[in-house]
Amino acid sequence: AHYLFNLMNVDDEDVDKIKYYEFAPSATTDAIALETAAARSLQSVVKIDDFDAIIDESWGKVVGAGRRNAIGVLHSPRHYGQWGIKLYAVSKYHRDYVESNYGKVDGVLYNAILEELYHKSSDKEDFLLFLSRITPEKGASVFVKACVEARVKCVVAGEDGLFAPDQQYVRSVRDYAVRHDIAWLGQVPFDVKVDLMGRAKAVVVMPQPPYVEVFGMWGLEVMQCGTPIITNLNGGMYELVGSQSTHEGLIMGRGAIFTVNPSSSHDLARAMQLVDSLSKRFSNPIDSRVVTAQYLREVEKLINGSEGDAQ
């Protein structure tokens, strides 16, 4: 629900000419309608035709659709259309999901983070952290119930205001957490978020169907802080973690534990109790330099008019 359009001419030395347009719609706003209005606003001040290449990451491909110099990156299983451009998923799970339910995509372009913004903590503290939007689809209620079952110290942090439209749900989870001595921080600044990820014993996000976490940027952030993750198989995070093994119905990977049943607080509680047995020797599985090189290759293809898919 948060859109940032960033357009710039890479040959322009005047970086002040970069134009940013930011839109934060309410829960009732149609995302593609909002983007269409935003695109009109953009095109009134920026000549889209002057760009050599366009990477359109909007839901509705409102800038790139029909342009020979554009590719589209999908970020949701729901928003798929025939826009007359090459379309890329953000994980293999995402690609398979879209092709099974909607239509063809041309390849996979992973997301990445700027690794230098994150840091590892040498001393882990004895708490498990939920760090995501406080919404039903992110599994906050499953987390707090599992904390009580596992009898472990837990902290809840994440957007509990504008981008958590179901405030009744937020109050319900918060009241439950407070009654059971689970620390509630709500929305925190970026530097506090990084500090929490570095100090936590593990970070937990439990995507709940029908919502699908097609990639999960949060997992890369957490791994870059040297912290294990606990999640489930409902999304693309599984493919990023190697050396999987099964332990009492849970799937153990490189710095990660996966539950099979997304809604089971009992399974999550068992996973919480196994965190200490995970190998601490792991790192961010997606290097931003590799991802940047992938995007550059795709941009070169657009400019040169060559064919080929991202792998």
Side-chain angles (χ1 to χ4, degrees), residues 1-10 18-25 29-43 45-95 97-99 102-114 117 133 159 163 211-221 235-237 240 286-303 309-311:
H2 194 91
Y3 309 105
L4 180 64
F5 294 82
N6 175 7
L7 284 80
M8 66 179 177
N9 187 333
V10 294
I18 298 174
K19 301 291 184 182
Y20 292 93
Y21 292 85
E22 191 169 355
F23 300 86
T29 302
D30 180 85
I32 295 179
L34 181 77
E35 290 178 339
T36 301
R40 285 197 218 98
S41 175
L42 272 174
Q43 293 179 42
V45 292
V46 177
K47 292 183 178 180
I48 303 298
D49 291 334
D50 288 347
F51 289 92
D52 296 318
I54 297 171
I55 299 173
D56 191 333
E57 305 210 16
S58 66
W59 297 122
K61 306 298 167 268
V62 293
V63 173
R67 295 180 181 273
R68 297 184 63 183
N69 64 334
I71 63 173
V73 180
L74 298 169
H75 288 281
S76 165
R78 294 187 299 114
H79 293 109
Y80 177 90
Q82 301 296 331
W83 291 296
I85 55 177
K86 296 179 74 174
L87 295 174
Y88 292 86
V90 294
S91 68
K92 294 174 183 176
Y93 176 97
H94 188 198
R95 176 197 62 198
Y97 186 99
V98 171
E99 291 193 334
Y102 298 96
K104 185 180 183 301
V105 296
D106 294 282
V108 173
L109 286 171
Y110 283 109
N111 291 317
I113 60 173
L114 293 174
L117 297 178
R133 292 191 309 275
E159 173 60 61
F163 297 107
Y211 173 77
V212 177
E213 188 104 281
V214 294
F215 183 77
M217 192 76 81
W218 67 273
L220 295 188
E221 295 179 300
M237 189 58 62
L240 308 180
I286 295 184
D287 190 317
S288 63
R289 293 168 297 181
V290 174
V291 175
T292 300
Q294 275 191 310
Y295 270 90
L296 284 174
R297 285 196 296 271
E298 295 307 307
V299 168
E300 288 173 351
K301 292 173 189 175
L302 288 174
I303 294 172
D309 295 341
Q311 301 299 317

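Computed from a predicted structure; not experimentally measured.
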Within the side chain of Y80, is there an N or O that forms a donor-acceptor pair under 3.5 Å with the backbone of K104? yes

Find out whether Y88 and D106 are in side-chain contact, i.e. whether some heavy atom of one side chain is under 4.5 Å from a heavy atom of the other. yes

In short, A112 meets S288 closest at the heavy-atom pair CB-CA, 3.7 Å

Would you call the rings of W59 and H75 parallel, tilted or perpendicular, where under 30° means parallel and over 60° means perpendicular? perpendicular

Point-to-point distance, once rounded to the nearest 0.5 Å, from OH of Y110 to CE of M217: 13.0 Å

Atom CD1 in I54, atom NZ in K61: separation rounded to 0.5 Å? 12.5 Å

How long is the straight-line distance from CD1 of I286 back to CG of L220, given to the nearest 0.5 Å? 5.0 Å

Could you tell me whether the side chain of D56 and the main chain of A65 form a donor-acceptor pair under 3.5 Å? no

State whether the side chain of N69 and the backbone N or O of L302 hold a donor-acceptor pair below 3.5 Å, judged by distance alone. no

Looking at CD1 of I85 and CZ of R68, how far apart are the two atoms once the value is rounded to the nearest 0.5 Å? 14.0 Å

Ignoring hydrogens and geometry, is there a side-chain-to-backbone donor-acceptor pair from S91 to V214 under 3.5 Å? yes

Set out, in order, the CA-CA distance, both residues' side-chain angles and the distance that settles salt bridge (Lys or Arg N to Asp or Glu O under 4.0 Å) for R297 and E300, then state yes or no. CA-CA 5 Å; R297 285 196 296 271; E300 288 173 351; over 6 Å; no

Side chain to side chain, I55 and I71, heavy atoms closer than 4.5 Å: yes

Enter the distance from E221:CD to L114:CG here, rounded to the nearest 0.5 Å. 10.5 Å

Spatial distance of atom NE2 (H94) from atom CD (E99) [nearest 0.5 Å]: 10.5 Å

Would you check if V90 and V73 make a side-chain contact, meaning some heavy-atom pair closer than 4.5 Å? yes

State, with a plain yes or no, whether a side-chain heavy atom of Y102 is found less than 4.5 Å away from one of Y97. yes

